[in-house]
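Heads up, the thing below is written out as structure tokens.
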Amino acid sequence: MKESETKRKKIAFCGHFDSTNFGNESTLQAILYHLRCFQPDAEVTCISTGPEATVATHHIQAIPLSETFVKSWVPRDPVMRILRKIFIGLPSEPYRWVKGLMRLRGTDMLIIPGTGLVTNAYGLLHWGPYNLFKWSLIAKMCRCKLLFVSIGAGPIYGTLGRWIVKSNLYLADFRSYRDNSTMEYLKGIGFPADNDRVYPDLAFSLPEAVMPNQDTKKSRRSVVGLGVMKYAGKYSVANPNDTIYLAYLENLVTVATWLLAREYDVRLLTGDLCDMPAKKEFRDLLKERLSVCDEGHIIDEPICSVEGLLSQIAATDIVVATRFHNVLLALLCNKPVISISFHHKCESLMSAMGLSEYCLDINDLKADRLIEKFCDLETNADKIKPLIRKKAREFRVSLNEQYRVIFNRM
């Protein structure tokens, strides 16, 4: 009995972790920190899309979400890709299941901490829900507790996608959602989520030690953080088109030009390395309208970590962002923020913070409307900051309660 009580717990995490999406990385960083607070001796493994990066960044064991075979041959032709899946992918899948069983054997708990796994906007495979279904079922076969912690959901297209997602959730021993809109969405596709719990996004529980000094800003001019994001496609609307994206860029360029003309500095913020092409497109469009002098007031610095992103946000006065975790981390840094919403999670976050009026739909974005909201936000910034601080503190307390539930009681 004593040996059983002192045995190290084996905890596995599963998600899109590869050090390129700083929102996902902040999620993993937050839950790892609290796991070590509650279970300091736990043995940790991460099932991730980028295991090498996870090992290097977080110093834990990591294995691939879906192991790739014959890496040297990745055909460009669509027909050849289909043939590759038939003759290499399908025969390899039973091996992946067996290997998964071997790797999760003896694990006490598999935790899915958000990271956008409950959607098929990017297809059923790879980033889609099939791999989550595979690991969830393997966990149950290994008698491992399965926890979905502060997850978001949607969009989920088609009958098969909905069936896989609901099957994943039915298998869970614990489910919590990061907002009420996720719960309502899942109920809308027929999953009985009424008895589940709602806790904030895990990034609100990032350790205090990583939060930057708020006095890092040195410029005499006010600095506006501007987060540009690549087009969300089917993650945003069922039938996406480039017209919305191009209008989005044009409107942001108009706003940036307006800010520079009024002697603001503009700091470009990146939430995901895949946004780099979008940022380049934005800069190319903006360059056509700027003088050499104005160019000097665009701050565009490289970033490679959550800490780097937080430091850049800390060096701003107000943030205008599209990517969800850029908005969230700005709020965590107590910055007044305007969210350009591409998904119900953005609206839900701003509503929970009491800032609904500063949330604008990307599908109907107008520069004059954004400028109007910016002026209003700047005028009311001193009133808004204490409210943001209070809400962020409440979210941290709520998440501490969730950590006690999953790491102590379970």
Discussion item. Quick one, Phe407 with His34, criterion ring-ring contact (aromatic ring centres under 6.0 Å, His included). Give me CA distance, side-chain angles, the key distance, then yes/no.
Written reply: CA-CA 9 Å; Phe407 292 137; His34 287 89; 8.3 Å; no
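- Between Asp242 and Tyr231, the side chains place no donor N or O within less than 3.5 Å of an acceptor N or O (distance only, hydrogens not considered).
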Worksheet entry | Steps toward side-chain contact (heavy atoms from CB on, under 4.5 Å) verdict (Cys333, Leu310) | CA-CA 8 Å; Cys333 290; Leu310 287 167; 3.7 Å; yes
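- Judged by the 6.0 Å and 45° rule, Lys234 forms a cation-pi pair with Tyr157.
- Surrounding NZ of Lys230 are at most 12 heavy atoms belonging to other residues, nucleotides or ligands under 6.0 Å away.
- Residues Ser181 and Glu347 bring no donor and acceptor atom of their side chains to less than 3.5 Å of each other.
- For the residue pair Gln312 / Glu307, no side-chain donor-acceptor distance below 3.5 Å is found, with atom types taken as modelled.
- Judged by distance alone, the side chains of His325 and Asp201 do bring a donor and an acceptor atom under 3.5 Å apart.
- The backbone N or O of Leu169 lies less than 3.5 Å from a partner atom in the side chain of Arg175, making a donor-acceptor pair.
- Relative to the ring axis of Phe324, Arg178 places its NZ or CZ within 45° and under 6.0 Å from the centre.
- For the residue pair Tyr245 / Glu281, a side-chain donor-acceptor distance below 3.5 Å is found, with atom types taken as modelled.
- When atom types are taken as modelled, the side chain of Asn408 and the backbone of Arg404 share no donor-acceptor pair closer than 3.5 angstrom.
- Counting only distance, with no hydrogens or angles, the side chain of Arg262 and the backbone of Trp258 share a donor-acceptor pair below 3.5 Å.
- For Met276, the CE atom sits in a packed shell: over 12 heavy atoms of surrounding residues, nucleotides or ligands are nearer than 6.0 Å.
- The number of heavy atoms from other shown groups lying within 6.0 Å of CG (Asn241) is above 12.
- With hydrogens and angles ignored, the 3.5 Å screen pairs a side-chain donor or acceptor of Ser236 with a backbone N or O of Phe342.
- Side-chain contact, Glu184 with His344: no donor N or O sits under 3.5 Å from an acceptor N or O.
- Enclosure of atom CZ in Arg289 by more than 12 non-hydrogen atoms of other residues, nucleotides or ligands within 6.0 angstrom is indicated.
- Side-chain N/O atoms of Asp179 and Thr182 include a donor and acceptor closer than 3.5 Å.
- Side-chain atoms of Tyr248 and Thr322 include a donor-acceptor pair closer than 3.5 Å.
- Under the ring pair (Phe, Tyr, Trp, His ring centres under 6.0 Å) criterion, the residue pairs touching residues 259-288 are Tyr264-Phe374, with sequence neighbours excluded.
- Using a 3.5 Å distance cut-off with no hydrogens or angles, the side chains of His16 and Asn24 do not pair a donor with an acceptor.
- A donor and an acceptor atom, one from each side chain of Ser205 and Tyr403, are located under 3.5 Å apart.
- The number of heavy-atom neighbours closer than 6.0 Å to NZ of Lys390, taken from other residues, nucleotides and ligands shown, is 12 or below.
- Using modelled atom types and a 3.5 Å distance limit, the side chains of Glu25 and Ser305 yield no donor-acceptor pair.
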